[in-house]
Amino acid sequence: MNMKYTITTPLYYVNDKPHLGSSYTTIACDAIARFERLNGNTVLFLTGVDEHGQKIERTAESKNLEPQLHCDEITEKYKYLWDKLNISYDRFVRTTSIEHTSLVHQFYSKVLKSDDVYMGRQSGWYCVGCEEYKDVEDKDKSPICSIHKKELEWRDEENLFFKLSKYQDQIEKLIHVDGFISPKSRKNEIINFVSKGLRDFSISRVNLKWGINVPGNKDHTFYVWFDALLGYVSGSLNDQCSPELTEKSLSNWPANIHVIGKDILRFHAVYWPAMLLSAGMKTPRSVFGHGFLTREGQKMGKSLGNVLDPIELLEYGGIDAMRWYLLRDIEFGEDGDFQMRRFVDIVNSDLCNTIGNLLNRTITMSKKWFKENIPIDNTLSSDSTLKVKSETKIIEYMESFKDSNFKSSANAIIDLANSANLYLNDRAPWKLIKDISNKNIVALDIYSVLESCRIIGILLNPIVPNLSNRILKQLNIDTSNINFKDSLQWGLLDPNNGLQDPTPVMDKIEFNEDPR
RNA sequence: GUCAGUGUAGCUCAGCCGGUUAGAGCACAGCAUUCAUAACGCUGAGGUCGAGAGUUCAAGUCUCUCCACUGACACCA
């Protein structure tokens with residue numbers, strides 16, 4: 001059954017090039033998007049960049065660039081990396097686009113009509129890095145942001161405020177809806193936060209040029225978060241060239257899932273839905289706040305000097321290695337620790353040995369004994385313990401993936417591969433074949449393992465698409481139009497298809513202490 | 001300070017409602033050896049289940065207290 005499925009990464013801030021954390025988020029979204037496509041759904045996979053705000057303005061200044069040129073430069077770095085990581089996004093949103101600006105204005109007029117904006121005064125200590133006011137004791141003369149370690153700036157200015165408090169009851173109800181916020185720890189956090197009472201927040205800034213002007217308020221620029229969140233909507237419009245907030249143009253909305261880092265949970269689970277309710281629009285179906293990555297047990301930070309550049313990791317291990325490790329070994333909802341030794345071990349063991357060698361040894365036997373035709377008559381009715389195991393693991397895989405439990409999905413694949421290896425040792429076809437009367441039995445055994453490899457190849461597709469394609473290619477399977485429904489039934493590998501010469505589908509990674 | 005989450009073998013994790021001698025994968029050690037990518041397979045070592053107390057015939061699993069880590073909020077600076 002074909003359904004529309006809209007998934008978003010955060011719109012990444014272009015203060016700097018992408019880091020491992022944003023790569024992790026984007027790879028996870030890519031896996032989900034591919035999974036949904038393989039299930040026959042029509043997917044709109046949105047990513048993009050958030051380009052406004054004071055930090056961008058100042059970063060550009062320091063580089064002696066116009067902000068727009070700075071944004072263009074950094075945007076290209078994001079696109080380059082997503083291309084290298086084989087991210088299959090459908091749309092790339094830019095908040096500096098004319099279309100986005102137009103939509104922000106339309107949205108704002110709806111919020112005005114709901115009488116949810118008022119002029120107020122805001123004073124306090126402000127961190128440009130966070131784009132947030134900080135609560136600070138009045139007597140402190142030079143407060144510092146605890147996150148960015150930079151001096152806060154005193155602000156005392158008139159801002160437009162959004163009546164968030166008006167939506168206390170509706171937000172309270174929404175956040176309790178099953179499945180709206182995942183994982184459970186994030187849901188609890190938001191329930192606690194909302195129970196303390198929602199306070200109105202300012203949606204504009206003065207003394208800021210780099211942003212979208214507030215209509216009817218010459219000196220006010222939209223607060224970066226107000227404008228950025230709307231990137232999800234502007235990016236999902238049917239007609240990208242003629243952005244209109246109409247029911248027809250919003251058929252890809254609401255998003256099925258916003259995948260975000262835990263640090264921006266409040267914006268996505270509280271402020272954003274309230275804004276949408278104010279404009280009379282549907283709220284997203286779910287928000288998944290995943291954890292952060294540390295490295296060898298430590299937080300990554302420039303000042304610590306231990307940032308792991310995704311480009312370097314990519315060059316060191318390759319795209320399939322990177323994707324596999326991040327999805328298979330890091331628990332998606334929780335913080336995870338990137339360990340280089342473990343990265344190498346897991347990738348080599350799972351992809352090169354368990355799966356890669358399985359394919360290699362089985363194709364070698366098949367070609368040696370049966371050339372291009374495995375003597376089997378009816379593959380669909382053939383019985384094998386591997387068939388049963390395969391069916392069990394497919395179910396586990398599907399249920400886990402639906403919960404964004406990539407680790408469990410990957411484990412199901414590895415279990416099937418282990419079972420195929422054990423099956424081969426148990427059956428020992430290299431002994432059986434010595435007696436020619438066993439030819440048909442051996443043919444069935446070889447076919448069962450090759451069929452398992454085919455299924456493994458297909459299940460790997462959302463996680464490591466390039467490896468998946470190499471596996472299926474060696475089995476001479478056309479991958480241009482596969483889907484789960486038509487591809488996971490046992491017995492679909494044509495025994496007269498012929499197989500390609502076995503070559504390693506995955507190169508080993510040699511462990512270096514420091515890939516930098 | 002309040003709330004929430006986490007703490008099980010070197011690493012990553014499983015362990016539904018209390019019930020065998022606490023498990024899996026990886027890593028490590030040994031064996032075996034080719035159909036096979038120094039691979040597959042077999043065997044082994046490795047655990048105060050954060051600490052203490054309690055309930056119970058019996059607790060990793062329930063209760064209480066405490067410790068550590070993470071996050072949110074509050075407070076302080």
Side-chain angles (χ1 to χ4, degrees), chain A residues 125 134-147 152 181 183-199 261-266 269-270 289-292 294 296-297 299 325-326 328-331 333-370 396 400 405 407-408 410-415 417-434 442 445-446 449-450 453 474 501-509 511:
Chain A
W125 292 96
K134 298 296 180 185
D135 291 334
V136 171
E137 170 65 38
D138 282 334
K139 64 184 178 186
D140 193 318
K141 291 182 178 181
S142 297
I144 289 172
C145 173
S146 60
I147 296 169
L152 301 181
I181 305 174
K184 189 170 187 280
S185 55
R186 310 283 180 247
K187 178 174 176 173
N188 291 339
E189 174 180 325
I190 290 299
I191 286 173
N192 189 28
F193 172 72
V194 172
S195 74
K196 299 292 169 66
L198 295 176
R199 297 188 296 179
K262 62 183 185 180
D263 56 326
I264 52 177
L265 182 64
R266 207 185 329 138
V270 179
H290 68 76
F292 285 168
T294 53
E296 313 292 345
K299 285 186 181 182
Y325 178 75
L326 289 176
R328 182 242 190 276
D329 211 52
I330 306 295
E331 192 100 32
E334 307 301 317
D335 289 353
D337 188 37
F338 188 101
Q339 297 167 32
M340 192 59 72
R341 174 80 250 184
R342 188 169 167 85
F343 166 70
V344 171
D345 287 348
I346 287 295
V347 168
N348 285 345
S349 173
D350 290 344
L351 302 185
C352 300
N353 299 348
T354 303
I355 293 175
N357 181 62
L358 174 68
L359 184 68
N360 199 280
R361 74 198 281 211
T362 316
I363 290 181
T364 298
M365 287 188 280
S366 183
K367 281 179 152 298
K368 183 174 175 181
W369 304 328
F370 307 118
E396 286 177 24
S400 298
N405 191 342
K407 173 194 276 274
S408 182
N411 281 339
I413 298 171
I414 289 299
D415 283 349
N418 280 332
S419 295
N421 274 306
L422 283 164
Y423 180 87
L424 275 177
N425 271 51
D426 182 49
R427 302 292 299 171
W430 53 87
K431 289 178 182 172
L432 289 175
I433 200 66
K434 289 179 163 61
V442 167
D445 287 344
I446 293 299
V449 177
L450 288 173
C453 289
Q474 285 208 6
D501 289 338
T503 57
V505 288
M506 190 75 191
D507 292 333
K508 280 283 193 63
I509 308 172
F511 178 64

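Naming convention: chains lettered A, B, ... in sequence-line order (proteins, then strands); numbering from 1 in each chain.
Where A/Ile346 and A/Asn188 each meet RNA chain B at their nearest nucleotide, the meeting point lying more 5' is that of A/Asn188.
If you check every strand for non-hydrogen atoms under 4.0 Å, A/Asp335 touches sugar and phosphate atoms only. Residue contacts shown for A/Lys262 are limited to sugar-phosphate atoms, with no base heavy atom under 4.0 Å away. As judged by a 4.0 angstrom heavy-atom cut-off over every strand, A/Leu422 is placed among residues touching the sugar-phosphate backbone only. A/Asp329 comes within contact range of the sugar-phosphate backbone alone, with a heavy-atom separation under 4.0 Å but no base atom that close. When heavy atoms are screened at a 4.0 angstrom cut-off, A/Thr362 is found touching no nucleic acid atom at all. Within 4.0 Å of A/Arg266, counting heavy atoms only, lie sugar-phosphate atoms of the nucleic acid but no base atom. Nucleic acid contact for A/Lys299: sugar-phosphate only, since backbone atoms but no base atoms lie under 4.0 Å from a heavy atom of the residue. Residue A/Lys187 is out of contact with every strand shown, counting any heavy-atom pair closer than 4.0 Å. Residue contacts shown for A/Asn360 include a base, since a base heavy atom lies under 4.0 Å away.
Remark: A/Arg342 does not engage A/Asp337 in a salt bridge, criterion side-chain N to carboxylate O under 4.0 Å.
Candidate nucleotides B/U37, B/A27, B/A72 were compared by shortest atom distance to the side chain of A/Glu189, and B/A72 ranks first. Distance from the side chain of A/Asn192 is smallest to B/C3 among B/C13, B/C3, B/C40.
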For this session: Apply the test side chain to side chain contact (heavy atoms under 4.5 Å, CB included) to residues A/Arg361 and A/Trp430: give CA-CA distance (whole Å), side-chain angles for both, the deciding distance (0.1 Å), then the verdict.
Result: CA-CA 11 Å; A/Arg361 74 198 281 211; A/Trp430 53 87; 3.8 Å; yes

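In this model, a side-chain donor or acceptor of A/Arg342 finds a partner on the base of B/C11 within 3.5 Å.
As the counterpart of B/C75, no nucleotide is assigned, since no Watson-Crick or G-U wobble pattern has both distances under 3.5 Å.
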